[in-house]
J.: 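After the C-alpha cells below, expect a handful of questions from me.
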Amino acid sequence: SSAAGLPPASFLMSQAARGSEIYDQSCVRCHEGSQLIGPNFVESWNNRRVYDLYALVRSTMPLDDPGGMKDTEYVDLVAFLLQQNRHALARADSLRPDTLSLRSTRIAVSAP
C-alpha cells in the first residue's frame, strides 16, 4: 500500500551510526548487503510507511531471537537502512519507536 502522500521520515545521523553497528553485529551474517541496501530494497520499500519496515524487522529479527532487541535499537537499525538507501531527509529530527509517528511518515529512498 502506497503512503506517497505522507511526509518522509526523519532520523538523526547518530541513530544511523548506532544502527550501522547493530547491522554489522546482527544482520550481516544472514543478509547479503544487496538484500537490504540497493535497488531491491528501494523497489520493495519506497513510499511505504516506516512502520511497515519497523514492524517487520521488530517481529522477525534477529532470526535467533525475534523481538529480542530494544525498541530504540530497532529504530536505529531502520535509520541506518534508510540512510544507506539514500533516504530524502525532511528535517533532522529523531526517528522514534512511536507507532503513531512511524505510521504517519513514509520511506523515501532512491536507488544510487
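Quick note: residue numbers are just sequence positions, from 1. What you are looking at is a predicted structure, and each value in this text was computed from that prediction instead of being measured. What you see below is based on every heavy atom in this structure, not just the backbone, and it leaves out hydrogens, waters and symmetry mates.
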J.: Please answer: with hydrophobic residues joined when any side-chain heavy atoms are less than 4.5 Å apart, are F80 and V42 in the same cluster?
T.: yes
J.: Heavy atoms only: give me the nearest Y54-P97 pair and the separation to one decimal.
T.: OH-CB, 3.8 Å
J.: Considering all heavy atoms of both residues, which atom of M61 and which atom of Y74 are nearest to each other, and what is their separation?
T.: O-OH, 2.6 Å
J.: Which heavy atom of M69 sits nearest to which heavy atom of P62, and what is that distance?
T.: CG-CD, 4.2 Å
J.: In Å, rounded to the nearest 0.5 Å, how long is the span from CG of L12 to CD of Q83?
T.: 11.5 Å
J.: Which pair of heavy atoms, one from W45 and one from L56, lies closest together, and at what distance?
T.: CZ2-CD2, 3.7 Å
J.: Please tell me if the side chains of R49 and T105 come closer than 4.5 Å, counting only heavy atoms from C-beta onward.
T.: no
J.: Working to the nearest 0.5 Å, report the span between OG of S44 and CG of L36.
T.: 10.0 Å
J.: Please report the interatomic distance CZ(R103) to CG(D52), rounded to the nearest 0.5 Å.
T.: 8.0 Å
J.: Taking all atoms of both residues into account, what is the closest heavy-atom pair of N47 and R106, and its distance?
T.: OD1-NH1, 2.7 Å
J.: To check you understand the geometry: which heavy-atom pair defines the closest contact between L95 and A9, and what is its length?
T.: CD1-CB, 4.3 Å
J.: Kindly list each side-chain donor-acceptor pair under 3.5 angstrom involving residues 16-29, sequence neighbours excluded, with atom names and distances?
T.:
unit_1	atom_1	unit_2	atom_2	d
R18	NE	D76	OD2	2.8
R18	NH2	D76	OD1	3.2
R29	NH2	D64	OD2	3.4

J.: Please assess I107 against Y51 for the test side chain to side chain contact (heavy atoms under 4.5 Å, CB included), listing each intermediate value before the final yes or no.
T.: CA-CA 9 Å; I107 296 171; Y51 180 79; over 6 Å; no
J.: Any sub-3.5 Å donor-acceptor pair from H87's side-chain atoms to V109's backbone N or O?
T.: no
J.: Let me see the working for N40 and Q35 under side chain to side chain contact (heavy atoms under 4.5 Å, CB included), right down to the final yes or no.
T.: CA-CA 6 Å; N40 292 342; Q35 246 186 317; 5.9 Å; no
J.: Applying a strict under-4.5 Å side-chain criterion to I, L, V, M, F, W and Y, I'd like to know whether L63 and L53 cluster together.
T.: yes
